[in-house]
Amino acid sequence: MTEAAPPALPAGWHAHAPGPDDVADLDALRARHEVAARGARSASADATLAEVAGDGAPTRTHVLVSDAAGEARGWATAHDRAAGRVLVAVVVDPVLDDATGDALAAELFAWAERAGVALARSRGLARTQLDSGAFDSDARQQRWLAAAGYARVRTWWQMRRPVGDDDRGLRPTGPGVRVRRLERGADGMPDAGDLVAAHALLEEAFVDHFNHHEETFDEFLARLRADPGHRWDHWWLAELVDGAEPEPVGVLVAAEVTADDGRATGSYVEYLGVRQSARGRGVARSLVDAVVTDAAERGRGHVGLEVDADSPTGATDLYVSLGFATRYVTQSWHRYVDAD
């Protein structure tokens with residue numbers, strides 16, 4: 001992939017592609033941004049490490065901007081998420097004054113556009129989507145997105161359900177529904193057939209959802225395994241068992257959530273998809289019950305997830321009925337650019 005040209009910067013400031021030695025500074029910068037934007041940090045230090053120098057690094061390109069004193073002041077990432085979709089993240093230090101922050105944000109978004117175009121060209125595409133976002137309470141980031149040519153397209157609820165001892169013991173599933181973990185071999189690796197079924201189910205379940213971009217099986221597995229919270233025993237398949245043979249109809253993939261000291265404190269639902277023909281039979285509810293029960297039996301305190309606030313599937317109503325409440329709200333902003 002052709003590298004994007006560096007941003008233009010004030011005298012004495014410099015930009016470079018960050019490496020392992022920069023992870024601590026980047027994590028601190030991201031934490032300052034998140035605390036200023038919504039009152040608490042969201043991403044973990046492990047996530048920063050994975051993105052910059054871990055398993056998630058190969059699909060991302062970064063630029064780190066430091067001031068004349070060597071302090072990290074800005075960070076932009078272009079993530080090759082899927083064919084035709086580049087995730088753009090721009091973080092600017094909230095301690096900067098408005099004039100400096102606005103100028104730096106403009107340069108970082110311009111860099112991200114160049115990086116996105118380079119990623120599209122590397123895939124042989126003539127056009128790509130730049131997909132970025134902001135906290136609903138972060139007017140500063142929203143102003144920068146609008147100035148960079150992005151349009152707000154969606155709202156997401158970041159929800160959480162507390163988990164306690166009363167959640168131990170799996171509740172009854174929907175009629176004719178069975179929920180199970182992926183089959184695993186003696187080496188601890190999941191059954192290849194179950195993995196293929198999970199990927200196929202998610203592609204089918206989300207094909208009519210907002211902003212779905214098809215991923216190959218290899219891309220799907222590589223991306224999930226790059227998450228530092230990934231665990232093979234956090235995958236569940238739902239099957240209809242009222243026919244001659246079990247029929248896979250739903251899948252839930254969760255991750256482990258850890259505190260700064262490494263303790264597992266919760267579970268997070270990365271994916272929950274149900275085949276359209278099986279909706280209305282309690283499949284999604286049964287899968288959520290499985291991850292809640294699992295979290296309780298591991299002694300964790302919560303299960304979290306993200307849901308499209310405008311989802312036509314009724315997912316928001318389901319999660320509210322299961323005890324989930326919205327903790328904060330985020331926005332998706334999109335822009336399309338030509339690569340030829």
Side-chain angles (χ1 to χ4, degrees), residues 1 4 7 30 33-34 37-38 42-43 47-48 50-52 56-63 74-92 105-138 140-158 202-203 205-216 219-220 222-224 226-227 268 270-271 273 305-311 328-340:
M1 183 190 76
R30 174 187 264 170
H33 159 71
E34 291 173 343
R38 79 168 194 92
S42 301
T48 304
E51 293 170 19
V52 176
T59 57
R60 291 171 170 85
T61 182
H62 305 266
V63 65
W75 173 23
T77 302
H79 176 197
D80 187 18
R81 174 63 173 74
R85 183 185 180 200
V86 176
L87 299 186
V88 169
V90 168
V91 178
V92 173
E107 288 295 334
L108 290 175
F109 275 110
W111 173 90
E113 178 181 342
R114 296 191 293 272
V117 166
L119 286 167
R121 287 174 178 165
S122 72
R123 283 184 175 265
L125 301 175
R127 186 174 172 81
T128 195
Q129 177 193 92
L130 304 181
D131 181 351
S132 195
F135 294 111
D136 195 58
S137 56
D138 190 358
R140 185 184 73 153
Q141 192 83 13
Q142 295 162 34
R143 184 178 77 247
W144 294 338
L145 284 159
Y150 289 73
R152 179 178 169 179
V153 294
R154 213 68 166 188
T155 300
W156 305 88
W157 292 353
Q158 309 298 325
L202 288 174
E203 286 294 330
F206 286 102
V207 70
D208 59 347
H209 280 217
F210 167 75
N211 204 35
H212 173 71
H213 286 69
E214 183 176 354
E215 280 186 295
T216 68
E219 287 175 331
F220 168 72
R223 183 173 54 78
L224 287 178
D227 184 337
Y268 187 84
E270 301 282 0
Y271 281 105
L305 53 82
E306 175 186 81
V307 62
D308 180 354
D310 304 309
S311 173
Y328 61 96
V329 178
T330 57
Q331 305 169 354
S332 286
W333 291 65
H334 289 176
R335 183 182 178 199
Y336 290 85
V337 293
D338 294 328
D340 53 10

Contact between [X] and [Y] at the side-chain level, heavy atoms closer than 4.5 Å - yes or no?
| X | Y | answer |
| --- | --- | --- |
| W75 | R30 | yes |
| E270 | D227 | yes |
| V337 | T128 | yes |
| L145 | R152 | no |
| D138 | H33 | yes |
| S332 | N211 | no |

May I ask you to decide if [Y]'s main-chain N or O and [X]'s side chain share a donor-acceptor pair within less than 3.5 Å?
| X | Y | answer |
| --- | --- | --- |
| D338 | D340 | no |
| R121 | A339 | yes |
| H62 | E51 | yes |
| Q331 | S137 | no |
| E203 | E214 | no |

Spacing of [X] atom [atom1] and [Y] atom [atom2] [to the nearest 0.5 Å]:
| X | Y | atom1 | atom2 | answer |
| --- | --- | --- | --- | --- |
| L87 | R60 | CG | CZ | 8.0 Å |
| D308 | W157 | CG | CH2 | 10.0 Å |
| Q158 | T330 | CD | OG1 | 4.0 Å |
| F135 | R38 | CZ | CZ | 5.5 Å |
| Q141 | S132 | CD | OG | 6.5 Å |
| F220 | L202 | CZ | CG | 5.0 Å |

Can you give me the closest heavy-atom contact between [X] and [Y], atom names plus distance?
| X | Y | answer |
| --- | --- | --- |
| A82 | E215 | CB-CG, 4.1 Å |
| H212 | V207 | CD2-CA, 3.7 Å |
| V88 | A112 | CG1-CB, 3.6 Å |
| D310 | T155 | OD2-N, 4.1 Å |
| A83 | L125 | C-CD1, 4.0 Å |
| A78 | A115 | CB-CB, 3.7 Å |

Check your understanding: Taking atom types as modelled and ignoring hydrogens, do the side chains of R223 and T59 form a donor-acceptor contact shorter than 3.5 angstrom?
Key ->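 No, no side-chain donor-acceptor contact under 3.5 Å.
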Review point. Taking the inter-plane angle between the rings of W156 and F210 on a 0 to 90° scale, is it parallel (under 30°), tilted (30 to 60°) or perpendicular (over 60°)?
Key: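 W156 vs F210 ring planes: tilted.
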Review point. Does a salt bridge link R123 with E219, judged by any charged N lying under 4.0 Å from a carboxylate O?
Key: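 Salt bridge present between R123 and E219.
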**Study point:** Y336, F109, W333 screened by ring-ring contact (aromatic ring centres under 6.0 Å, His included) with Y150, the one that passes
**Key:**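 For Y150, the ring-ring contact (aromatic ring centres under 6.0 Å, His included) test succeeds with only one of Y336, F109, W333, which is F109.
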Review point. Can you list the steps and then say if V92 with W144 is a side chain to side chain contact (heavy atoms under 4.5 Å, CB included)?
Key: CA-CA 10 Å; V92 173; W144 294 338; 3.7 Å; yes
